[in-house]
Protein chains: 2
Amino acid sequence: MSGFLRYKKILDLFSEERSSWTVLEISKALKKPSSTIYRIIREMVLAEFLESAAGSYFRLGPAFIKFNRIINFSDPLVRAGQPFLKKLADENPITSVNVLARLYGNKVMCVADYKSPSFKKNTSYQRGKLMPLIYGATSRAIIMQITNRKLQDLINLENFKSDEDKNNFLKDLKNDRKKGYCITEGQVDKGLIGFAVSISNKKLGIEASLSSIFDLDEFLLEHEPIIYANLTSYGLLVEKYINEIFEDIQNYHHETNSIR
Amino acid sequence: MSGFLRYKKILDLFSEERSSWTVLEISKALKKPSSTIYRIIREMVLAEFLESAAGSYFRLGPAFIKFNRIINFSDPLVRAGQPFLKKLADENPITSVNVLARLYGNKVMCVADYKSPSFKKNTSYQRGKLMPLIYGATSRAIIMQITNRKLQDLINLENFKSDEDKNNFLKDLKNDRKKGYCITEGQVDKGLIGFAVSISNKKLGIEASLSSIFDLDEFLLEHEPIIYANLTSYGLLVEKYINEIFEDIQNYHHETNSIR
DNA sequence: TTATAATTATCATTATTTGATAATTTAATT
DNA sequence: AATTAAATTATCAAATAATGATAATTATAA
């Protein structure tokens, strides 16, 4: 265990389910002597990536809140898409959860979400949550824009139940690519239906999706064209804004570099 | 430069104002050879703490969004206080920004905020933003609960204009401690008035504040008693919930430890 | 106060980082 | 498609830092 991994392995222990650890627990989990863990933890506490809590427990530190904010204000995808989620929700024919998600390793991560105030059911899509790559429209609209080697690598990491399962998935992917958007029912959350379009920007390396999720109890077939129209138009709008932001960033860097 | 600092120094370059850097720029800024920076950056990209963007720039990675989420769902202060911010806003006599903030190093960080939808002015208090320790009611209600050595250390880090300035600050602090809450006008944002109460929990090491910020153009003296009543009652409520969460955590750890 | 747990310090050994440079890959331009 | 420049990775000996066993100290609880 060396380099950044030494720190990351500790951070990765912290989860929603288990958000505080003692040095001894960490030392057991990572099979490292506690003197080593103490030394590392001390460094991370100093850097505010961890903080000590009651009862000699440690938890994640405020540095994450700070850097998260910087991302919020600067990430082109979040900046471009965030403001449209509420509008999308307001224009949808029924209450919805609206999500901006992106590839994160071999998972999909929601980076922004807006739920209509009166939406009743619980959904898995909340900012920061990691979701499976192969289930749900949100994820599908991301993976369907990935090709060649990268797609192969990602798919090889997935555990399909059978070869047939895998082939079906690939066939669906092909169809969705042709249609330009995805619909899935209950793949992630029972009783919900999701619609999604791809969001991409080659130059910025953005592989993302915009999606609206509805309660199956409220959803009617006649809603589909409106949902589809909303998603595609807002999707294009988000991509347009990403481009503008990209140009802003470029100009900024040109300026600051020429000043020097 | 060794240990975690090596990584932190790079991360600390990234700010709202300057959210993407090339390896060469980092290498200049930190006065380190680019081969070294490349090696470090590669590690951090692999860990998703950085990600490569267009034009050989790098920016903060999605790991921060993920860990930020875990904090949101597990930090006792956020969990206990977050749900009350909207209620506080709704019960205030005029539109307001409501903030939960805590000590972060020698600064104050907002960890949750709720703005009345129709609040017009811009405020500095937004989740994740670092604020000065000695200005504004939000900060004052935090520092006023700190004593002895820790207070000395924190105050020594501040640059007061004069000794008189410093003495005035200490005098105000004493008064606020007696009163049990703080009011400041325009210290952080011109045209705004802030009210704050302390939030603390010894066992959890929480030194925080709950505050409501109003537009001076809307604020009337007769609002003060209601504001005061709201803040103190919600402040106590938040502290009560922090305590309950603390006990939940304890029980959880007892269970998991006895199972093993 | 005493006892126990938590944390820090020490230090020789072992392993890793460093930085100069070369090699390779990628992107831009002709 | 070929050329060039820029970005990134690889190499390796020297310098530096991490490790972990143990001892010492400090905080916490009984």
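Because the structure is a prediction, the values reported are computed rather than measured. First the proteins, then the strands, lettered A, B, ... as listed; each starts at 1. Computed from heavy atoms alone, side chains included, the values below leave out hydrogens, waters and symmetry copies.
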**Message:** Requiring both pairing distances under 3.5 angstrom, list the stems that contain DNA chain D and are made of three or more consecutive Watson-Crick or G-U pairs.
**Reply:**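 Stems found: C:1-30 with D:1-30.
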
Using a heavy-atom cut-off of under 4.0 Å over every strand shown, decide if [X] touches base, sugar-phosphate, or nothing.
| X | answer |
| --- | --- |
| B/T36 | base |
| A/R6 | sugar-phosphate |
| A/R42 | sugar-phosphate |

**Message:** Check whether B/F73 forms a cation-pi arrangement with B/R69 (NZ or CZ under 6.0 Å from the six-membered ring centre, at most 45° off the ring normal).
**Reply:**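 Pair B/R69/B/F73 counts as cation-pi.
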
Just the rounded figure in Å: distance from [atom2] of [N] to [atom1] of [X].
| X | N | atom1 | atom2 | result |
| --- | --- | --- | --- | --- |
| B/L5 | D/dA18 | CG | P | 11 Å |
| A/Y7 | C/dT16 | OH | P | 13 Å |
| A/E43 | D/dT19 | CD | P | 9 Å |
| A/I37 | D/dT22 | CD1 | P | 18 Å |
| B/W21 | D/dT8 | CH2 | C1' | 20 Å |
| A/K202 | C/dT26 | NZ | C1' | 15 Å |
| A/F58 | C/dA6 | CZ | C1' | 9 Å |
| A/F4 | D/dA17 | CZ | C1' | 18 Å |

**Request:** Would you kindly compare B/S2 and B/V23 by the position of their nearest DNA chain D nucleotide and give the one closer to the 5′ end?
**Result:**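 First, find each residue's nearest nucleotide; the 5'-ward one identifies B/V23.
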
Side-chain N,O ([X]) to OP1/OP2 ([N]) below 4.0 Å:
| X | N | value |
| --- | --- | --- |
| A/Y38 | C/dT8 | no |
| A/K32 | D/dT19 | no |
| A/R39 | D/dT19 | yes |
| A/S56 | C/dA6 | yes |

**Asked** Which word best sums up how the rings of B/F67 and B/F49 line up, parallel for under 30°, tilted for 30 to 60°, or perpendicular for over 60°?
**Response**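 Answer is tilted, since the angle falls between 30° and 60°.
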
**Request:** Classify the ring geometry between B/F84 and B/Y241 as parallel (under 30°), tilted (30 to 60°) or perpendicular (over 60°).
**Result:**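 Perpendicular: the ring planes of B/F84 and B/Y241 meet at over 60°.
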
**Prompt:** Which nucleotide in the set D/dG20, D/dT8, C/dT18 lies at the smallest distance from any side-chain heavy atom of A/S35?
**Reply:**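 So the side chain of A/S35 is nearest to D/dG20.
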
**Prompt:** Mapping A/G55 and A/G3 onto DNA chain C by nearest heavy atom, which one lands closer to the 5' end?
**Reply:**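 With A/G55 and A/G3 compared, the 5'-side residue is A/G55.
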
**Message:** Surrounding NZ of B/K203 (heavy atoms of other residues, nucleotides or ligands, distance under 6.0 Å), is the total greater than 12?
**Reply:**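 Incorrect, the count does not exceed 12.
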
**A/N159, CG: over 12 other non-hydrogen atoms inside 6.0 angstrom** =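 No, not enclosed.
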
**Message:** Using modelled atom types and a 3.5 Å cut-off, is there a donor and acceptor pairing between side-chain atoms of A/E239 and backbone atoms of A/Y234?
**Reply:**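 No, because the side chain of A/E239 does not come within donor-acceptor range (under 3.5 Å) of the backbone of A/Y234.
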
**Prompt:** Does any N or O in the side chain of B/S27 come within less than 3.5 Å of the main-chain N or O of B/I37, such that one atom is a donor and the other an acceptor?
**Reply:**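 Absent.
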
**Request:** Could you tell me which residues satisfy ring pair (Phe, Tyr, Trp, His ring centres under 6.0 Å) with A/Y104, sequence neighbours excluded, listed by chain and number?
**Result:**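 Ring pair (Phe, Tyr, Trp, His ring centres under 6.0 Å) check on A/Y104 returns nothing, list empty.
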
